[in-house]
Amino acid sequence: MIVDARVLREDFVPSEIVHRHDEVNLLSESLEPLLSGHRTDPAFLFGPTGVGKTCLARYTLTQLREQDPAVRVAYVNCWQEYTRFRVLYSLLESIGQTTSIHRSTPKDELFGRLEAAADQPLVAVLDEVDQLEETAVLYDLYRLPHVSLVLIANREEELFASFDDRVRSRFHAGTRVQFDRYGMDELVAILRERATQGLEPNAVTTDQLQTIAEAASGDARVGIGILRSAARRAEQAGTERVTATEIESAIPDARTAIRRKTVEGLLEHQRVLYDVIKEAGEIEPGSLYERYEQRVDEPKTTRTLRNHLTKMVHYDLIKSVGKHRGRRYRLVSDEKDETS
DNA sequence: AATCCACAGGAAAAATAGGAAT
DNA sequence: ATTCCTATTTTTCCTGTGGATT
């Protein structure tokens, strides 16, 4: 059933990009100065989740490296690496300069090393850059002449709103590539590509891919997740073809799997908060804090709970409705994704 | 309309952590 | 083992906001 499982992973980068030729061209044009040894203006990739921003960045940069292997590429996900230290560390890591760096190395030391590695140009791809808490690091990187930036985020306005003035004025220049939601047939084509590479021939029909694409509503990540999950079920059952019921049951899988993963990654105290909210359905902050304190040996202050809560809102696990006095917390509703 | 006050969230201080240097 | 150093997390202190209450 499954021939090549890698193809169905969401971080898989296909050898050919479907339906995004204009975007590829825009990005590679903006990176062109690197081939003649110049730095580039920062490039921005904007668009909702699952429209291929990350995938396209990876693809374009591997192509660039084929033309000029001297260019180094570092890929940083700012969701996990959201401090200045971690971003710099992560960049050094990918150019192999991380030896003898430890917890007590000052940030300036990290910056200095990056500065010293000017012999080869470096393209730093900062994914989910709107999650970055210390945007000052962007200014740092901007000052390095051998570092070129590719910034990936959902929306331009929100990204720039989080910048401080220094950063904002520097980043006004640069190429912007806007990604739109995939249309139904585009998504089907993408899924078809994955199916022919990853599954046995005729494992899924185009009609079935259509169903998946509809359920994914333009989000390729979700679509591929559904396909993967359905294929796994089919393999478990030992059949040669995916059945309609396998697809039906794979649809909720894809969404809950993502959530379960993030819930597992929560800290213990955050988990308690999550559980309390889950049990209550909807709860006002006051009694949320109360119940939390009853459940935990050494409760944290309400201030840090508030920090945890805003983080969990970021993770899209919970939602806060209302402001100030009348605020309530609840789990983010499963069903529909409202357009953000 | 005026006043509470429950809450959010910023800033800065303080506690914690953990590797390095001695 | 002890001290030092810095990133990170938690607490303390605080201000502003807008819904609730009178």
Side-chain angles (χ1 to χ4, degrees), chain A residues 74 76-116 124 126 128-141 157-168 262-277 280-332 340:
Chain A
V76 181
N77 188 331
C78 299
W79 196 280
Q80 283 108 45
E81 329 294 337
Y82 50 82
T83 64
R84 184 177 172 222
F85 183 89
R86 289 198 193 155
V87 169
L88 292 176
Y89 184 89
S90 170
L91 289 176
L92 286 171
E93 200 171 31
S94 49
I95 62 174
Q97 290 292 318
T98 174
T99 44
S100 84
I101 286 192
H102 40 79
R103 212 184 161 80
S104 52
T105 347
K107 290 174 186 172
D108 291 344
E109 165 79 25
L110 298 196
F111 184 69
R113 285 212 204 184
L114 205 55
E115 205 169 20
L126 303 188
E128 319 255 18
V129 70
D130 41 359
Q131 296 300 319
L132 199 61
E133 279 176 16
E134 293 172 85
T135 53
V137 71
L138 295 175
Y139 182 72
D140 292 339
L141 295 175
E157 308 86 66
E158 280 165 33
L159 179 65
F160 275 77
S162 69
F163 286 173
D164 63 50
D165 296 335
R166 248 185 357 174
V167 179
R168 197 174 302 139
T262 40
V263 171
E264 277 167 13
L266 290 178
L267 299 167
E268 188 191 330
H269 292 265
Q270 294 175 323
R271 184 76 146 279
V272 175
L273 287 170
Y274 181 84
D275 289 342
V276 170
I277 296 172
E282 182 168 296
I283 190 168
E284 64 272 21
S287 46
L288 170 59
Y289 300 148
E290 250 175 60
R291 293 198 205 173
Y292 159 82
E293 279 168 12
Q294 290 170 358
R295 251 182 233 213
V296 149
D297 284 341
E298 290 168 8
K300 309 277 186 194
T301 351
T302 58
R303 184 64 186 86
T304 71
L305 294 189
R306 260 176 263 143
N307 282 340
H308 285 156
L309 287 168
T310 51
K311 265 233 169 100
M312 288 159 73
V313 171
H314 262 320
Y315 295 163
D316 213 26
L317 286 174
I318 61 173
K319 207 160 61 165
S320 70
V321 290
K323 290 190 166 188
H324 301 103
R325 197 83 183 263
R327 179 173 274 204
R328 301 272 189 288
Y329 288 103
R330 68 159 80 122
L331 297 193
V332 56
S340 48

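Proteins come first, then strands; the chains are lettered A, B, ... in the order of their sequence lines, and each starts at number 1.
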Is there a donor-acceptor contact under 3.5 Å from the side chain of Asp164(A) to the main chain of Val167(A)?
yes
If you compare every side-chain N and O of Tyr329(A) against the phosphate oxygens of dA8(B) (OP1, OP2), does one of them come in below 4.0 Å?
yes
Atom NZ of Lys311(A) to atom C1' of dT10(C): distance rounded to whole Å?
12 Å
Which label fits Phe85(A) and Tyr89(A): parallel for a plane angle under 30°, tilted from 30 to 60°, or perpendicular past 60°?
parallel
For Tyr292(A) and dT10(C), what is the distance between atoms OH and P respectively, to the nearest whole Å?
9 Å
Given dA7(C), is OP1 or OP2 found less than 4.0 Å from the side-chain N or O atoms of Arg84(A)?
no
Whole-Å distance between dT8(C) C1' and Leu88(A) CG?
16 Å
Checking dA7(C), dC7(B), dG19(C) against the side chain of Arg325(A) (C-beta onward), the nearest is dG19(C)
What nucleotide, of dT11(C), dG18(C), dT9(C), holds the atom closest to the side chain of Tyr82(A)?
dT9(C)
Assess whether ring pair (Phe, Tyr, Trp, His ring centres under 6.0 Å) is satisfied between Tyr292(A) and Tyr289(A), documenting all intermediate values.
CA-CA 5 Å; Tyr292(A) 159 82; Tyr289(A) 300 148; 8.1 Å; no
Would you mind reading off the distance between Glu298(A) atom CD and dT11(C) atom C1', rounded to a whole angstrom?
15 Å
Has Glu134(A) got a side-chain atom pairing as donor or acceptor with Arg84(A)'s backbone, closer than 3.5 angstrom?
yes
Among dT11(C), dA8(B), dT8(C), which nucleotide has an atom closest to any side-chain atom of Phe85(A)?
dT8(C)
Would you indicate what Gly286(A) reaches in the nucleic acid, counting non-hydrogen atoms under 4.0 angstrom: base, sugar-phosphate, or nothing?
sugar-phosphate
If you check every side-chain atom of Pro106(A), which of dT11(C), dA7(C), dT9(C) has the closest atom?
dA7(C)
Rounded distance in Å - NE2 (His314(A)) to P (dG9(B))
10 Å
Tell me whether the side-chain N/O atoms of Lys300(A) come closer than 4.0 Å to OP1 or OP2 in dT10(C).
yes
Checking dA8(B), dA7(C), dC5(B) against the side chain of Tyr289(A) (C-beta onward), the nearest is dA8(B)
Measure from CD on Glu284(A) to C1' on dC5(B) and round the result to the nearest Å.
15 Å
Any side-chain heavy atom of Tyr274(A) sitting closer than 4.5 Å to one from Leu331(A)?
yes
Sub-4.0 Å heavy-atom contacts from residues 302-310 of chain A onto DNA chain C, ordered by number:
Arg303(A), Thr304(A), His308(A)
Taking Arg328(A) for the side chain and Val321(A) for the main chain, is one N or O donor matched with an acceptor at less than 3.5 Å?
no
In whole angstrom, give the distance that lies between atom CD of Glu109(A) and atom C1' of dG19(B).
15 Å
Measure the CG-NZ distance between Leu273(A) and Lys300(A) for me, rounded to the nearest 0.5 Å.
11.5 Å
For the pair made of CD in Glu134(A) and C1' in dA11(B), what is the distance, rounded to whole Å?
14 Å
